[in-house]
Amino acid sequence: MAELDDVGGGPYVLAIDLGTSSTRALVFDRFGRQLQETESQIAYDVSTTADGGVTLDPDQLLRLTAEAIDGALAAARSLGLHIELVAMSCFWHSLIGLDASGAPATEIYTLGDTRCRHHADQLRAAIDVEAYRQDTGVTIHSSYWPAKLRWLREADPDRFARVRRWTSAADYLTGVWLGV
């Protein structure tokens, strides 16, 4: 961790980190040292269900992440730091469905959501798992999209039909911020 009087100078990087329990933003110097004085972290809870659901509200995640970014940027401005680069890290294997206007049509399904575990079993039984792994680099698992999409299509066909695009939480947030 860099002390402010030992900062290596710019370019400064705003780092955004979305986790399953909090979102945070902070600034790093050109040597990759975090400037702890700029850290802004906001905790939140995932929603869980007895059948294995683990989801996040996309509007809440968008709002809280924007608040964390605003906090880090305010701290950077007060220190006279000019942000030139932005980087983002996000929890793995999230899935969100967007409607025709790009608005969320589903919650954010996290890697911990296991309601599709039986669909993962069905997929493993129906395909050559090793060939699939060789082609994609991953195995069939409840944390990945194929099983989640099969489960969602079966569990809530009306909602599934409203979705025009499936994406990750990180891509959803950056799409909103960039107007894409």
Side-chain angles (χ1 to χ4, degrees), residues 10-29 32 34-49 52-79 81-116 136-138 141-149 151-153 155-156 159-180:
Y12 294 102
V13 179
L14 172 67
I16 306 162
D17 179 28
L18 291 94
T20 53
S21 62
S22 71
T23 184
R24 69 182 179 144
L26 66 154
V27 177
F28 287 80
D29 71 10
Q34 46 176 300
L35 306 180
Q36 197 61 41
E37 306 86 340
T38 65
E39 184 172 10
S40 176
Q41 184 169 12
I42 302 171
Y44 48 78
D45 294 318
V46 294
S47 296
T48 59
T49 60
V54 183
T55 60
L56 288 164
D57 178 300
D59 294 326
Q60 179 189 38
L61 185 63
L62 180 66
R63 181 178 49 79
L64 294 177
T65 303
E67 287 178 24
I69 292 168
D70 288 346
L73 290 177
R77 274 192 301 276
S78 74
L79 298 170
L81 307 178
H82 177 72
I83 305 299
E84 296 182 44
L85 303 163
V86 177
M88 184 160 68
S89 169
C90 185
F91 44 82
W92 281 20
H93 310 302
S94 60
L95 177 65
I96 179 174
L98 306 178
D99 67 16
S101 71
T106 70
E107 300 87 7
I108 297 171
Y109 302 98
T110 71
L111 72 130
D113 194 309
T114 60
R115 291 176 285 185
C116 65
T136 66
V138 298
H141 192 273
S142 63
S143 63
Y144 299 130
W145 288 17
K148 279 189 175 26
L149 290 170
W151 166 75
L152 285 162
R153 185 179 58 205
D156 195 346
R159 179 181 280 190
F160 189 89
R162 286 194 305 272
V163 172
R164 291 294 168 259
R165 187 168 59 113
W166 296 98
T167 191
S168 69
D171 289 336
Y172 166 65
L173 295 180
T174 55
V176 169
W177 294 326
L178 297 175
V180 179

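The basis for the numbers below is simple: all heavy atoms, side chains too, and nothing from hydrogens, waters or symmetry mates.
Heavy atoms only, all atoms of each residue included: Arg115 and Thr55 are closest at NH2-CG2, 3.5 Å. Taking all atoms of both residues into account, the shortest heavy-atom contact from His141 to Ala147 is O-CB, 4.0 Å.
Although no hydrogens or angles enter the test, the distance criterion places no donor-acceptor pair under 3.5 Å between the side chain of Ser94 and the main chain of Ile108. Thr106 places a side-chain N or O within 3.5 Å of a backbone atom of Gly97 that can act as its donor or acceptor partner. Remark: the backbone N or O of Ser22 is paired with a side-chain donor or acceptor of Tyr44 at under 3.5 angstrom.
Classification of the Phe160-Trp166 ring pair by plane angle, with boundaries at 30° and 60°, yields tilted.
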Exercise. After noting the C-alpha distance and the side-chain angles of Leu18 and Leu173, does the key distance pass the side-chain contact (heavy atoms from CB on, under 4.5 Å) rule?
Worked result: CA-CA 10 Å; Leu18 291 94; Leu173 295 180; 3.1 Å; yes
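Considering only heavy atoms from C-beta on, Ile96 stays 4.5 Å or farther from Leu56 through its side chain. Between Phe28 and Leu35, every side-chain heavy-atom pair lies at or beyond the 4.5 Å cut-off. Side-chain contact between Lys148 and Asp113: present, with at least one pair of heavy atoms (C-beta onward) separated by less than 4.5 Å.
Using a cut-off of 4.0 Å between Lys/Arg side-chain N and Asp/Glu carboxylate O, Arg162 and Asp99 are scored as not salt-bridged.
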Throw together a table of side-chain donor-acceptor distances under 3.5 angstrom for residues 58-68, partners on residues two or more places apart or in other chains.
from  : atom 1 : to    : atom 2 : distance (Å)
Arg63 : NH1    : Glu67 : OE2    : 3.3
Thr65 : OG1    : Thr23 : OG1    : 3.1
Thr65 : OG1    : Leu61 : O      : 2.7

